[in-house]
Structures are given as structure tokens and as C-alpha cells.
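To keep things clear, I will list the structure first and then write my remarks on it.
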Amino acid sequence: MIRLQRGATFHFHGGTVPHDLILGSPEGTEVHSALGARLLCYRPTLADFVLKMPRGAQVVYPKDVGAILVYADIRPEDRALEAGTGSGALTLALARAVGPEGRVVSYEAREDFHRTAATNVESFFGKVPAWVELRRGDVRDVASTGEDFDRVVLDLPEPWDVLGAVASVLRTGGILCSYLPTTNQTRDVVLAMERTGFTELTTLEVLIRTWHVTERSVRPDHRMVAHTGFITTGRKGPRPPPEEP
């Protein structure tokens, strides 16, 4: 993945290709390097960009991004709250899902991650979209802003610590989604969500196995992207459950 610039040259194991040979051409154009290597040129998809963009924090993989958007039911015009921003992979997907009539507010505690995410969002969209706000700070601060949200997505190692704050700005019936790598973290967040008044709790993971397909052979590839994280969703109920005596 390269950013085209006039007068620049792409160097790779098959030779060199002047960027000017590609600039102004339609997607799918074929070019050849100085050594005769054949290249096809396409704009990167969101999945391409996420896997190749600069990163500080570990990214949410495309297979999980898709499941989060569907199971958290992220829709056009939704107001979505995210924490933490990380490298910005999920932020990009949320921004596209809610669209210009929606809003994405993303909190990141670490300054270096915040800078990397801002750069990635600007690189993908050309600029940070007007409906996206990247905040450097603690997501618990959102409780004092007077804002309200339709969806909350948490990619934090200890999301149970912020549940009270984010639940206070999530509308009743809204969906909270937590993304965690380990079983013990997932157990803790599910129990904490139940105590905080969330219902309809579901936990899942996504496994992807690609296939090798030729005229004479159809078989699974030898490698697959297996476990990356657990996705837990729950809906905010009308009130927290009563305390047990």
C-alpha cells in the first residue's frame, strides 16, 4: 500500500514503478516495472487499510470489525461512543457505518495511540470527518458532558471499571459492545454488565478459514485466522437490578 505522489517511485523486489505511471489512471490499471514485473493497481479496501496502516496498539481485525458492526447494530445516524481508539481501525468502521448524519466520539488515554489513530483516520478519509471527534482522555469523563449515545463500543483491558459512566450516557435500549482477548476478562465484563443492568447478553468469537480453490483441488488453506477476541453485547435495561439482601 503506497500513497501516490508526483515524481515519486515505488521500489519493490520486482523493480521500480514511477508513481506518475499510475496517477490519473482508473482502478485496475495494469503497469509494469522497469524489470518487467506486472502489477495491478487498486484503491485499498477498509480491510486492506486496517491490516497495513501504521499501528501503536493492536488493531481490531476486519473479521471482528464486521461482527461488531452487525451484532452491536451500528446504523446510519447513530451516536456511537468508543474507547479506546487504539490505532483507529474500529473508529474508521464506525465512522462509515453511522455516516455524516451520525456521530462518533472516541476516547484514548495514551497520547501516542491518540496521535497514531488521528493520522490513520486522516490518511483514510483525507481528513478527520466532521462527525468524528477523537478525544485524548479517560472515557469516564463523558458522564459529565451532558451527551447521550445510541451505542457504546469498548476495546479496553478492564471495561468493567467504566461501565457505570458509559451506561449513564447510553440511552435505554441502547447496545454496549465489549471486545476482549481472554476468557477471564470476558467473564468479568459479563458479570459486571449484569450488575449494571444490561440484558440480552451474548458473547461470541469469529473464526475465519479461507479455501484454496483451483480446477483440480478445493481444500481449506493450511493457515487460518482463529481466535483474536471475544465480542460481548448487551442492551441497557430500564433500571439496574435490585441489590440482593
Legend entry - E77 to E101 - nearest heavy-atom pair and separation: CG-CB, 3.5 Å

Inset, instruction - Please answer: with hydrophobic residues joined when any side-chain heavy atoms are less than 4.5 Å apart, are L134 and V98 in the same cluster? - result: yes

Legend entry - Greater than 12 external heavy atoms within 6.0 Å of R219's CZ: yes

Inset, instruction - Please write out which residues are connected to I2 in a hydrophobic cluster, directly or through intermediates, given that two of Ile, Leu, Val, Met, Phe, Trp, Tyr count as joined at side-chain heavy-atom separations below 4.5 angstrom. - result: L4, F10, F12, V17, L21, I22, L23, V31, L39

Inset, instruction - Run through R135, E133, H114, E82 and flag the one making a side-chain hydrogen bond (donor to acceptor under 3.5 Å, both in side chains) with S106. - result: E82

Inset, instruction - Could you check if a side-chain atom of R171 sits within less than 4.5 angstrom of a side-chain atom of R151, using non-hydrogen atoms only? - result: yes

Inset, instruction - Before accepting this row, confirm whether a basic side-chain N of the pair E147/R103 lies closer than 4.0 Å to the acidic partner's carboxylate O. - result: yes

Legend entry - Shared hydrophobic cluster for V190 and V162 (ILVMFWY, side-chain gaps under 4.5 Å): yes

Legend entry - Hphob cluster co-occupancy, V153 + L81, side-chain heavy atoms under 4.5 angstrom: no

Inset, instruction - Look only at the side chain of D78 and the backbone of A80, and say whether a donor-acceptor pair between them is shorter than 3.5 Å. - result: no

Legend entry - T182, T183, D188 screened by side-chain hydrogen bond (donor to acceptor under 3.5 Å, both in side chains) with Q185, the one that passes: T182

Legend entry - Pair D221-R209, salt bridge (charged side-chain N to carboxylate O under 4.0 Å, His left out): steps then yes or no: CA-CA 7 Å; D221 283 329; R209 182 174 69 175; over 6 Å; no

Inset, instruction - Using atom types as modelled and distance alone, determine if a side-chain donor or acceptor of N120 lies under 3.5 Å from a backbone N or O of S87. - result: yes

Legend entry - Side-chain donor or acceptor of R110 paired with backbone N/O of A57 under 3.5 Å: no

Legend entry - Note, F125 side chain near V132 side chain (heavy atom, < 4.5 Å): no

Legend entry - I175 and Y71, any side-chain heavy atoms less than 4.5 Å apart: no

Inset, instruction - Might you point out which heavy atoms bring R6 and D20 nearest each other, and give the distance in Å? - result: CA-OD1, 3.3 Å

Legend entry - In one Ile/Leu/Val/Met/Phe/Trp/Tyr side-chain cluster, 4.5 Å: Y61, L156: no

Inset, instruction - Answer yes or no: are there more than 12 heavy-atom neighbours, outside E200 itself, under 6.0 Å from its atom CD? - result: no

Legend entry - Common cluster, F124/V104, ILVMFWY with side-chain heavy-atom separation under 4.5 Å: yes

Legend entry - Separation between NE2 of H32 and CZ of R38, rounded to the nearest 0.5 Å: 6.5 Å

Inset, instruction - List the atom of G15, the atom of L35, and the distance in Å for their closest heavy-atom pair. - result: CA-CD1, 3.8 Å

Legend entry - Any V152 side-chain heavy atom under 4.5 Å of K236 side chain: no

Legend entry - Heavy-atom donor-acceptor pair, E122 side chain to V128 backbone, under 3.5 Å: no

Legend entry - H227: ring-ring contact (aromatic ring centres under 6.0 Å, His included) partners, not counting sequence neighbours: F230

Legend entry - Between OG1 on residue T233 and CZ on residue R235, distance to nearest 0.5 Å: 9.0 Å

Legend entry - Greater than 12 external heavy atoms within 6.0 Å of H212's NE2: yes

Legend entry - Closest non-hydrogen atom pair, P54 against T116: O-CG2, 3.8 Å

Legend entry - K63 (side chain) donor-acceptor with V206 (main chain) under 3.5 angstrom: yes

Inset, instruction - Mind listing the closest non-hydrogen atom pair of C177 and I231 along with its distance? - result: SG-CG2, 3.7 Å

Inset, instruction - Could you tell me whether a side-chain N or O of T85 sits under 3.5 Å from a main-chain N or O of Y107, the two making a donor and an acceptor? - result: yes

Inset, instruction - Using a 4.5 Å cut-off on heavy atoms from C-beta on, say whether the side chain of L180 contacts that of P159. - result: yes

Inset, instruction - Report yes if the side chains of V105 and V142 come closer than 4.5 Å at any heavy-atom pair, otherwise no. - result: no

Inset, instruction - Indicate yes or no: at least one non-hydrogen side-chain atom of L154 is less than 4.5 angstrom from one of L163. - result: yes

Inset, instruction - Answer whether the closest heavy-atom distance between the side chains of S178 and W160 falls below 4.5 Å. - result: no

Inset, instruction - Give a yes or no answer on whether the side chain of W211 reaches the backbone of V218 with a donor-acceptor pair at less than 3.5 Å. - result: no

Legend entry - Any donor-acceptor pair under 3.5 Å from D150 side chain to G174 backbone: no

Inset, instruction - Heavy atoms only: give me the nearest G229-E205 pair and the separation to one decimal. - result: O-CB, 3.7 Å

Inset, instruction - Show the numbers, then the answer: is there a side-chain contact (heavy atoms from CB on, under 4.5 Å) between V65 and V50? - result: CA-CA 10 Å; V65 169; V50 164; 5.7 Å; no

